[in-house]
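Residue numbers start from 1 in every chain, and the chains themselves are labelled A, B, ... in the order their sequence lines are given, proteins ahead of strands. Since the structure is predicted, the reported quantities are computational estimates derived from the model, not experimental observations. Atoms considered below: every heavy atom in the structure, side chains included; atoms not considered: hydrogens, waters and symmetry mates.
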Number of protein chains: 2
Amino acid sequence: MRLSTKGRYGVTAMMDLAIHDGVGPVTLADISQCQGISLSYLEQLFSKLRKHGLVEGVRGPGGGYKLARPAEGITVAEIIAAVDERVDITNCNGNGDCQNGQRCLTHELWTELSNRLYDFLNDITLSQFVSRPGIRELAMQRDEINGRFALAKRQASALRQEAR
Amino acid sequence: MRLSTKGRYGVTAMMDLAIHDGVGPVTLADISQCQGISLSYLEQLFSKLRKHGLVEGVRGPGGGYKLARPAEGITVAEIIAAVDERVDITNCNGNGDCQNGQRCLTHELWTELSNRLYDFLNDITLSQFVSRPGIRELAMQRDEINGRFALAKRQASALRQEAR
DNA sequence: TAAATTCCCTACTAATCTAGTCAGGAATAC
DNA sequence: GTATTCCTGACTAGATTAGTAGGGAATTTA
């Protein structure tokens, strides 16, 4: 398990998608502007998210990215693993044997901690943050302030439909 | 919150100290050998741990490092914060205002997640790993296998004393 | 007292990662 | 057809990681 700014970018971007889930795709240009990350860098991150089956791209005008699965099924651990791509689980000098074929006890304890951490993050889904009452209304207001009019408009009509 | 290999090195090294707590100081040369990290790099890490009041150095032959406080009072979050030294909590482009003085909603959600993570790690103490029954006996065996005879010897006499 | 051990500190370096730029191509809506 | 948006790959400055090197200070042991 590893957690860098890259992971944070991934998670916040996915939160953005989750907030507007069902409203329509969110463009990277939009996220780029709101989060202050370069567009091309976001494209690289989303390439990974897509390859890991977390998001789907929709091309053409009105396109963007949307969640590939319902927000209830996407965990924070998954997102971080997707963008950080930690193939290297390097505990010892490579593959688990400390010096004499025996792994240091501390390495085992670390593995235990690491697993606990993963389980913790794997228990937190996107929907836990986003599906709280009032969040989508708040998002709509923020979108208007931030000039994301297309999204705000779609959000509004989605909320009206929900109200009926 | 940030979690890199540096943080892992810090935590595993502290676990090593905690296992041998009360037995005597552990030398960096020892940890270096067992964990496969260069000595000088460890010295840099321990410089930070020392400055954050987590460890104490003992100079001269038979010296080394020991925990500055009981293992019950040292949390994983503290250790990671000490070695990673993340002063920069950079949420937005610097200090919290997204574009129009308003912070993006996703940033707030991230902050919430980040706090949850910190609380989680701040609830895990070194003693939770180390003070389980049998761990110190196991450590002694491992130390012998790995050529840490000085430690193993001290550990053994400490255990004998405990048994009385 | 001399020598060995260990912490402690600073400066330098190669390799890797981060975050970004640039340039182009492919699908789609209007 | 044109604008929009995803998608891909190559290249780059700067930061971080992990390690080297060299020296000094405190302490134990002989």
Backbone of Leu28(A) reached by a side-chain donor or acceptor of Ser32(A) within 3.5 Å:
no
Distance in angstrom units between Tyr9(A) OH and dT18(C) P, rounded
11 Å
To the nearest Å, give me how far apart CG (Leu45(B)) and C1' (dC8(C)) are.
14 Å
May I ask you to evaluate whether Thr27(B) reaches the phosphate of dT5(C), defined as a side-chain N or O under 4.0 Å from OP1 or OP2?
no
Would you say Tyr41(B) places a side-chain N or O within less than 4.0 Å of OP1 or OP2 belonging to dA18(D)?
yes
Pairwise 5' ranking along DNA chain C for Gly60(A) and Gly60(B), keeping only the more 5' one
Gly60(B)
Just wondering, are more than 12 heavy atoms of other shown residues or ligands nearer than 6.0 Å to NZ in Lys66(B)?
no
With a 4.0 Å cut-off on heavy atoms, is Leu28(A) in touch with a base, just the backbone sugar-phosphate, or nothing at all?
sugar-phosphate
Are side-chain N/O atoms of Asn122(B) and Thr75(B) paired as donor and acceptor at under 3.5 Å?
yes
Glu56(A) CD to dT5(D) C1', straight-line distance once rounded to whole Å:
16 Å
Among dC7(C), dA18(D), dA19(C), the nucleotide that comes nearest once only the side chain of Lys6(A) is considered
dA19(C)
Within this structure, what is the CG-to-C1' distance between Asp84(A) and dC17(C), rounded to whole angstrom?
11 Å
Mind telling me whether Tyr65(A) and Phe46(A) have parallel, tilted or perpendicular rings, with 30° and 60° as the class edges?
tilted
Considering only side-chain heavy atoms of Arg59(B), which listed nucleotide, dC8(C), dT17(D), dG20(C), is closest?
dC8(C)
Does a nitrogen or oxygen in the side chain of Arg50(A) sit under 4.0 Å from OP1 or OP2 of dT8(D)?
yes
Let me know the distance between CG of Leu39(A) and C1' of dC7(D), rounded to the nearest Å.
11 Å
Ser40(A) side chain to Ser38(A) side chain, donor-acceptor N/O pair below 3.5 angstrom:
no
Quick check for you: to the nearest 0.5 Å, what is the distance between Arg116(A) atom CZ and Glu112(A) atom CD?
5.5 Å
Would you mind reading off the distance between Arg2(A) atom CZ and dT18(C) atom C1', rounded to a whole angstrom?
10 Å
Below 4.0 angstrom from OP1 or OP2 of dC7(D), is there any side-chain N or O of Tyr65(A)?
yes
Could you tell me how far apart Gln33(A) (CD) and dG20(C) (P) are, to the nearest whole angstrom?
15 Å
Protein N or O to nucleotides 9-13 of chain D N or O, pairs below 3.5 Å:
none

With the side chain defined as heavy atoms from C-beta on, Pro61(A) is closest, among dT27(D), dT28(C), dT20(D), to dT28(C)
Between Arg69(A) and Glu78(A) (salt bridge meaning N to carboxylate O under 4.0 Å), is one present in this structure?
yes
What is the distance from CG of Leu17(B) to C1' of dC7(C), rounded to the nearest Å?
13 Å
